[in-house]
Amino acid sequence: MEKVQCLQENKKNLIAIQDSMDVLSGKWKIPIISSICYYNKRRFSDILNDVVGISNKMLSKELKELEVNKIINRTVLETQPISVQYELTEHGKTLQIIINNLSEWGQTHRRKIIGK
């Protein structure tokens, strides 16, 4: 019986990981979230500058998906010209520890592989 529970728990964990990857997968989502995470509030053009290689169209698409998944909030600012600002939702802020862990792991990995 204990083995069955362990297998069920493992399956539940694997499904949860898949759910997470469905929201965060792709080349751009983590860098976009990281940009907003490190600066708290970012305008579209700021994120575009932070995320090297992303196009306007792709950034717009990814931001919409993150908004649908309640990771970010989009606020239209009454400026001339109108600008849009993005920030993490309370739910999105729970990703900060993952972003920090990825950063630490990446720095350690870089040192291990190329010595810098």
Side-chain angles (χ1 to χ4, degrees):
M1 189 65 165
E2 195 173 294
K3 187 174 182 178
V4 171
Q5 281 181 319
C6 184
L7 290 173
Q8 289 173 336
E9 188 65 27
N10 289 346
K11 185 157 182 80
K12 184 174 141 184
N13 288 336
L14 290 171
I15 290 169
I17 289 169
Q18 188 59 56
D19 289 345
S20 299
M21 293 308 297
D22 288 345
V23 173
L24 302 173
S25 68
K27 183 176 181 178
W28 306 112
K29 294 242 177 46
I30 296 295
I32 291 167
I33 293 167
S34 298
S35 171
I36 299 168
C37 180
Y38 287 129
Y39 293 98
N40 294 324
K41 295 179 180 180
R42 297 302 269 166
R43 294 178 323 197
F44 185 92
S45 59
D46 296 328
I47 300 168
L48 197 61
N49 289 331
D50 290 343
V51 182
V52 177
I54 194 168
S55 68
N56 283 20
K57 185 177 177 182
M58 181 57 75
L59 178 55
S60 182
K61 174 189 163 295
E62 298 286 271
L63 287 167
K64 284 176 187 165
E65 288 179 19
L66 289 168
E67 190 176 8
V68 165
N69 282 294
K70 301 189 184 320
I71 304 298
I72 61 169
N73 280 328
R74 177 181 187 271
T75 305
V76 177
L77 302 173
E78 299 294 326
T79 57
Q80 286 297 343
I82 290 177
S83 58
V84 178
Q85 182 173 275
Y86 298 90
E87 62 186 312
L88 295 176
T89 62
E90 286 304 312
H91 180 55
K93 288 177 184 175
T94 63
L95 291 168
Q96 286 179 314
I97 193 162
I98 295 168
I99 298 299
N100 290 338
N101 287 342
L102 279 171
S103 175
E104 288 172 20
W105 187 89
Q107 291 173 39
T108 301
H109 179 70
R110 178 177 289 269
R111 281 191 303 271
K112 186 172 202 70
I113 299 302
I114 60 174
K116 293 183 181 178

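Numbers here simply count residues along the sequence, with the first being 1. Worth saying up front: this structure is predicted, and the values here are computed from it rather than measured.
- Within the structure, ring-ring contact (aromatic ring centres under 6.0 Å, His included) contacts touching residues 56-109 (residues at least two apart or in different chains) are Trp105-His109.
- Under the side chain to side chain donor-acceptor pair (under 3.5 Å) criterion, Ser55 pairs with no residue at all, not counting sequence neighbours.
- For Glu65, the salt bridge (Lys or Arg N to Asp or Glu O under 4.0 Å) partners two or more places apart in sequence, or in a different chain, are Lys29, Lys61.
- For Glu104, there are no side chain to side chain donor-acceptor pair (under 3.5 Å) partners, not counting sequence neighbours.
- Just one residue in the list Gln18, Lys12, Lys11 forms a side-chain contact (heavy atoms from CB on, under 4.5 Å) with Ile15, and that residue is Lys11.
- Under the 4.0 Å criterion applied to side-chain N and carboxylate O atoms, Glu90 and Lys93 are assigned as salt-bridge partners.
- Placement of Leu77 and Val84 in two distinct hydrophobic clusters is found when ILVMFWY residues are connected by side-chain heavy-atom separations under 4.5 Å, directly or transitively.
- Ile32 is listed as a side-chain neighbour of Ile54, based on a closest heavy-atom distance under 4.5 Å.
- Residues Ile113 and Leu102 are members of separate hydrophobic clusters, defined by side-chain heavy-atom contacts under 4.5 angstrom among Ile, Leu, Val, Met, Phe, Trp and Tyr.
- With sequence neighbours excluded, the residues that form a side chain to side chain donor-acceptor pair (under 3.5 Å) with Asp50 are Ser35, Arg42.
- Cluster annotation: Leu88 is connected to Val76 through the hydrophobic network of ILVMFWY side chains, with a link wherever side-chain heavy atoms come within less than 4.5 Å.
- With sequence neighbours excluded, no residue forms a side chain to side chain contact (heavy atoms under 4.5 Å, CB included) with Val68.
- Counting heavy atoms of neighbouring residues, nucleotides and ligands inside a 6.0 Å radius, atom CD1 of Ile97 does not exceed 12 of them.
- Heavy-atom neighbours of Tyr38 OH from other residues, nucleotides or ligands within 6.0 Å: above the threshold of 12.
- Using a 4.5 Å cut-off between side-chain heavy atoms of Ile, Leu, Val, Met, Phe, Trp and Tyr, with links allowed through other members, Met21 and Ile99 fall into different hydrophobic clusters.
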